[in-house]
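To start, the structure itself, in structure tokens.
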Amino acid sequence: MENLASLSLVAVYSAMGVYTLAFIAFTLDLAKRSAEAPVPAAASVAAGAPQTSTVAAGSGGTAVLDREDALLPEARDGSRGGATVYQRVAFAFAIIGWVLHLAATLTRGLAADRVPWANMFEFGLTATLVGMGTFLGVQLWKDVRYLGAYITGFTVLSLGIVTVNFYVDVVPTPPALQSAWLVIHVLVAVLATAFFAIGAGLSTMQLLRHQREVRKTAGLKFLDTVPGASTLESLAYRINVVGFVFWTFTLVAGAIWAERAWGRYWGWDTKEVWTFIIWVLFAGYVHARATRGWRGNRSAWLAIIGFSSVIFNYTIVNLYFEGLHSYSGL
Amino acid sequence: MEPLRPFDYDDGSAPTGTAERTDRASGDGPTQPRLGVVGWGRFLWRQLTSMRTALVLLLLLAVAAIPGSLVPQRSSNPNGVVRFRRDDPELFEILDALQLFDTFTSVWFSAIYLLLFVSLIGCIIPRTAHHWKALRSRPPKTPARLNRLVGYREADAPGSVEDALAAGEAVLRRQRFRVERYGNSLSAERGYLRETGNLVFHVALIGVLGTVGLAGGFGYNGQKVIVEGQTFVNQLTTYDSFSASRFFSDARLDPFSMRLDEFDAVFEAALDETRGTLIAQPLDYTASVTITEADGESVQRDIKVNAPIDIAGVRAYLLGNGFAPVITVRNADGDVVFDESVAFLPQDSNLTSLGIIKVPDGLPDQVGMIGFFYPSAIQLDSGALASIWPQPDNPVVTLNLFVGDLGLDDGVPRSAYALDVDDLEQLTGGETGNDSIILGLGQSAELPNGWGTVEFTALPRFVSIDFHHDPTQAGVLISSVLAIAGLIVSLFVPRRRMWIAAEEGADGQGVRLRYAGLARGDDPNLDDAVERLATEHLEGLGGALGPADEPALAPASSQ
Ligand code: HEM
């Protein structure tokens with residue numbers, strides 16, 4: 001058992017190393033794209049047509065006006081500019097890192113002889129695994145490799161923090177945590193967090209890209225090689241609503257578990273308050289996407305604030321706020 | 001029929017131009033300067049039920065909940081509130097006036113969610129009526145200029161217009177579209193479920209709030225500490241603490257009794273590597289109880305953490321446990337003046353516990369004792385005792401004695417778990433110069449001044465059980481499940497219209513077919529869906545989408 005746990009730790013550090021390489025390569029890729037200022041004609045169409053692209057932002061990739069997106073060659077598909085060598089290398093590193101990460105998580109679970117998400121360290125380990133996994137998996141559906149630097153950077157940072165600050169040895173689960181609802185509730189929270197993370201990345205990219213389309217700002221030229229703000233917004237929306245469904249489920253499953261463990265399904269404990277706040281923020285996000293004047297940038301900000309609250313909930317609320325969740329049950 | 005939505009609803013599918021959109025967005029509805037009372041009423045109602053109001057109220061709700069996590073709440077953390085008051089009485093006054101210690105029942109929080117729900121109801125009722133009609137109406141007429149719509153495609157196929165339309169109708173129906181023929185075209189729509197899901201979701205939210213508001217008035221809960229061998233009888237007066245909602249009456253307590261036969265705790269030793277000590281990890285707690293219900297039948301049940309049991313309309317939860325040493329006090333004549341098991345409250349993971357003993361009668365003065373209990377006592381280098389394991393391997397009780405007026409007779413309720421020592425004189429421990437009384441199980445010691453003896457007679461365990469009656473659970477659970485189902489349906493079922501228009505081929509041969517679609521809300525796959533429809537249709541007819549019929553990349557003329 002001890003051996004497995006330390007093996008897991010070795011795998012975590014290796015994964016972090018490989019992810020760091022992936023992060024560097026992804027960043028070099030972005031830098032290279034900036035240097036090469038691709039398809040100037042396209043860029044000028046993009047910049048010269050802020051009006052059309054605002055309308056297209058409204059179309060969410062659905063209606064007539066979507067076709068105008070097609071006028072911006074790079075706007076349909078991030079790989080249009082061609083995957084650079086850096087990007088291919090980076091992606092390969094990301095996959096290798098993920099396999100190590102997976103091994104780390106599995107061995108941790110085996111060492112503990114239960115699901116590997118019963119404390120903050122394990123939650124961080126699994127959540128980043130699922131986040132990276134989702135990022136890698138999403139490629140099968142849409143090319144979002146331009147998020148690579150963000151996701152790998154975020155993952156390395158998170159893994160570093162949880163391993164250094166939150167690491168705990170494998171201990172048996174206390175009675176308050178012995179419940180199938182732990183498995184379900186936390187697993188779904190992990191999934192939601194992963195989707196929100198990618199959604200927030202896309203929303204950030206959307207804001208940057210929008211700014212470039214409107215203001216023709218210098219710098220960050222790589223933004224010309226990512227899809228248009230409207231496409232990014234629609235991608236972000238589709239990722240975020242999946243996260244939102246998972247979060248809704250997290251909230252309900254948490255309530256069911258709280259009823260079993262503490263005798264009431266809802267008691268406005270600090271952790272419950274924040275779960276509620278996050279849920280309401282994302283409900284606001286979904287509404288914003290359907291409210292005139294709130295599509296586009298404002299809804300993107302809401303998604304980013306929502307994800308920031310998720311991180312806040314996991315770190316600050318867990319560590320510094322008083323509540324039932326800070327010790328477990330009896 | 002379009003789904004009826006608030007005036008500022010925008011799912012991005014409206015083919016309005018930017019200019020129009022911005023000017024409509026800037027004016028909040030009607031801009032006529034003069035409005036009568038009815039006009040104003042209508043205007044306000046329109047505002048209240050608008051998307052923007054709903055959105056702003058939602059965001060306000062999120063912000064308003066934040067203080068509930070920063071400031072201790074009376075409902076979830078009453079001790080924290082007491083502590084806050086003690087530490088900072090002035091700030092406490094201000095925050096209390098703002099109802100910040102009762103955030104979730106405060107006037108301002110309630111106002112926000114009530115407004116939100118009024119807005120919600122005002123939004124749902126017209127939409128439901130509208131959707132009800134839409135569900136029974138036919139798809140709308142085929143637009144004249146299909147080429148302006150999504151996924152527009154053209155193709156030629158052999159055969160007659162009639163055959164093509166018949167085949168098209170079959171394909172559309174197979175794809176579960178509702179189909180209507182207008183002249184030589186087919187108009188089809190599917191995905192009504194999206195709006196149904198959305199309405200179910202929003203109604204379910206009202207279901208949650210409504211259930212809590214209505215059924216919540218009938219709930220109650222009480223706590224009771226039960227020592228091994230003792231029996232709890234379900235009556236209002238026997239609870240240690242009890243709280244009930246508005247409509248509660250004693251008659252609602254069903255008669256039953258619960259005897260704690262045995263409590264069993266299992267621990268495992270784990271090494272704390274950072275400190276190099278062994279720590280106890282609880283593995284399992286089981287309270288074995290015998291329940292006797294009104295009909296006199298007794299059953300034996302186990303209550304565990306995470307596994308409450310149901311008895312006669314209440315649910316019993318195992319929420320705490322500890323040791324309840326039996327302390328026997330005799331006076332100088334040897335008469336027993338106190339003989340009770342006293343629940344000692346655990347202070348750490350090795351169950352070092354704190355207990356209060358009050359002996360009001362039978363001794364020359366009233367006596368209070370503050371006791372510590374160590375299940376597995378060892379003596380530290382400093383001389384102090386500590387417990388190294390939560391099981392009673394070497395149980396020891398230490399007692400500090402106080403004499404004076406315990407204040408039991410002045411009518412002010414006193415907690416059984418606290419001793420106010422301010423007005424008492426300490427006899428042992430601390431600065432008194434007399435050692436604390438230290439007792440192993442079965443040992444006894446002399447009281448100071450020759451007042452008698454005190455004995456640590458037995459060591460049963462206690463559990464603290466919460467009894468809850470919560471009639472909102474079923475309704476809230478059902479509403480939540482409906483909300484999740486409605487949410488998934490409304491977010492992931494696409495609502496689409498599709499058209500197939502047919503005309504005779506240019507040279508009088510075969511048919512010329514045109515396809516297009518329109519989405520309501522986000523529907524990124526619409527283009528593919530039109531292509532699938534066209535392909536499937538043409539396969540049946542023996543035609544094909546030629547390369548020239550690839551979706552036109554926005555020729556300028558189509559705008
Ligand atoms: C209790 C407060 C509310 C909450 C928590 C809430 C939550 C949600 C959520 C999660 C969605 C997305 C799922 C779905 O489409 O069914 C949604 C959609 C929607 N809500 Fe609400 N809502 C609330 C109040 C309102 C109110 C007051 C209105 C009317 C103004 C409203 C109108 C809508 C509309 C029109 C949609 C569809 C958006 C779209 O087509 O994408 N909601 N709401």
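Just the heavy atoms: all of them, side chains too, but no hydrogens, waters or symmetry mates, feed the values below. Within every chain, numbering begins at 1; the chains are lettered A, B, ... in the order of the sequence lines, protein sequences first and strands thereafter.
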**OP:** Using non-hydrogen atoms and a 4.5 Å limit, figure out which bit of B:L205 sits close to chain A: side chain, backbone, both or neither.
**Re:** side chain
**OP:** Below 4.5 Å from any heavy atom of chain B, which atoms of A:F249 appear? Answer side chain, backbone, both or neither.
**Re:** both
Original post:
Counting heavy-atom pairs under 4.5 Å to chain A, which of B:A483, B:P346, B:P308 comes out on top?
Top reply: B:P308
Original post:
Just wondering, do B:T103 and A:W268 contact through their side chains at under 4.5 Å, heavy atoms?
Top reply: no
Subject >> Side-chain donor or acceptor of A:R292 paired with backbone N/O of B:M51 under 3.5 Å >> reply: no
Subject >> Separation of A:D269 CG from B:S69 OG (nearest 0.5 Å) >> reply: 10.0 Å
**OP:** Measure distances from B:L491 to the heavy atoms of chain A and classify the residue's part below 4.5 Å as side chain, backbone, both or neither.
**Re:** side chain
Original post:
Out of curiosity, A:T248 OG1 to B:L487 CG, how far, rounded to the nearest 0.5 Å?
Top reply: 5.0 Å
Original post:
Side chain, backbone, both or neither: which part of A:V245 has a non-hydrogen atom closer than 4.5 Å to chain B?
Top reply: both
**OP:** Let me know if B:F467 has heavy atoms under 4.5 Å from chain A in its side chain, its backbone, both or neither.
**Re:** neither
**OP:** Quick one: pull up CD1 in B:I484 and CZ in A:F246 and give me the separation to the nearest 0.5 Å.
**Re:** 11.5 Å
**OP:** For the residue pair A:E259 and B:R315, establish whether any side-chain heavy-atom pair is separated by less than 4.5 Å.
**Re:** yes
Original post:
Quick one: does A:W294's side chain get under 4.5 Å of B:L55's, heavy atoms only?
Top reply: yes
Subject >> Residue selection (most heavy-atom pairs with chain A, distance under 4.5 Å) from B:L477, B:T472, B:V481 >> reply: B:T472
Subject >> B:A64: side-chain contact (heavy atoms from CB on, under 4.5 Å) partners, not counting sequence neighbours >> reply: B:W108, B:F109, B:I112
Original post:
Which heavy-atom pair separates B:A65 from A:I277 by the least distance, and what is that distance?
Top reply: CB-CG1, 3.7 Å
Original post:
At a heavy-atom separation under 4.5 Å, does B:V63 approach chain A through its side chain, its backbone, both, or neither?
Top reply: neither
Original post:
So do the side chains of A:W266 and B:V476 get within less than 4.5 Å of each other, counting heavy atoms only?
Top reply: no
Subject >> Atom group of B:D470 that falls short of 4.5 Å from chain A, counting heavy atoms >> reply: side chain
Original post:
Excluding sequence neighbours, so at least two apart, what forms salt bridge (charged side-chain N to carboxylate O under 4.0 Å, His left out) with A:R298?
Top reply: none
Original post:
When rounded to the nearest 0.5 angstrom, what is the spacing between CG in B:L58 and NE2 in A:H287?
Top reply: 5.5 Å
Original post:
Are B:D466 and A:W262 side-chain neighbours, meaning at least one heavy-atom pair lies under 4.5 Å?
Top reply: no
Original post:
Most heavy-atom pairs under 4.5 angstrom with chain A, which of B:V212, B:L70, B:L283, B:I66?
Top reply: B:L283
Original post:
With a 4.5 angstrom heavy-atom cut-off, which part of A:W279 approaches chain B: side chain, backbone, both or neither?
Top reply: side chain
**OP:** Counting only heavy atoms closer than 4.5 Å, note whether A:V168 contacts chain B via side chain, backbone, both or neither.
**Re:** neither
Original post:
For A:L251, is it the side chain, the backbone, both or neither that has a heavy atom under 4.5 Å from a heavy atom of chain B?
Top reply: neither
Subject >> Part of A:I305 within contact of chain B (heavy atom distance under 4.5 Å) >> reply: neither
Original post:
Any side-chain donor paired with an acceptor under 3.5 Å for A:W257 and B:N306?
Top reply: yes
**OP:** Supply the atom-to-atom distance A:Y265 OH to B:S480 OG, rounded to the nearest 0.5 angstrom.
**Re:** 8.5 Å
Original post:
Any idea which heavy atoms bring B:S76 and A:G267 closest together, and the distance?
Top reply: CB-O, 3.3 Å
Original post:
Roughly how far, to the nearest 0.5 Å, is CD of B:Q473 from CZ of A:R264?
Top reply: 11.5 Å
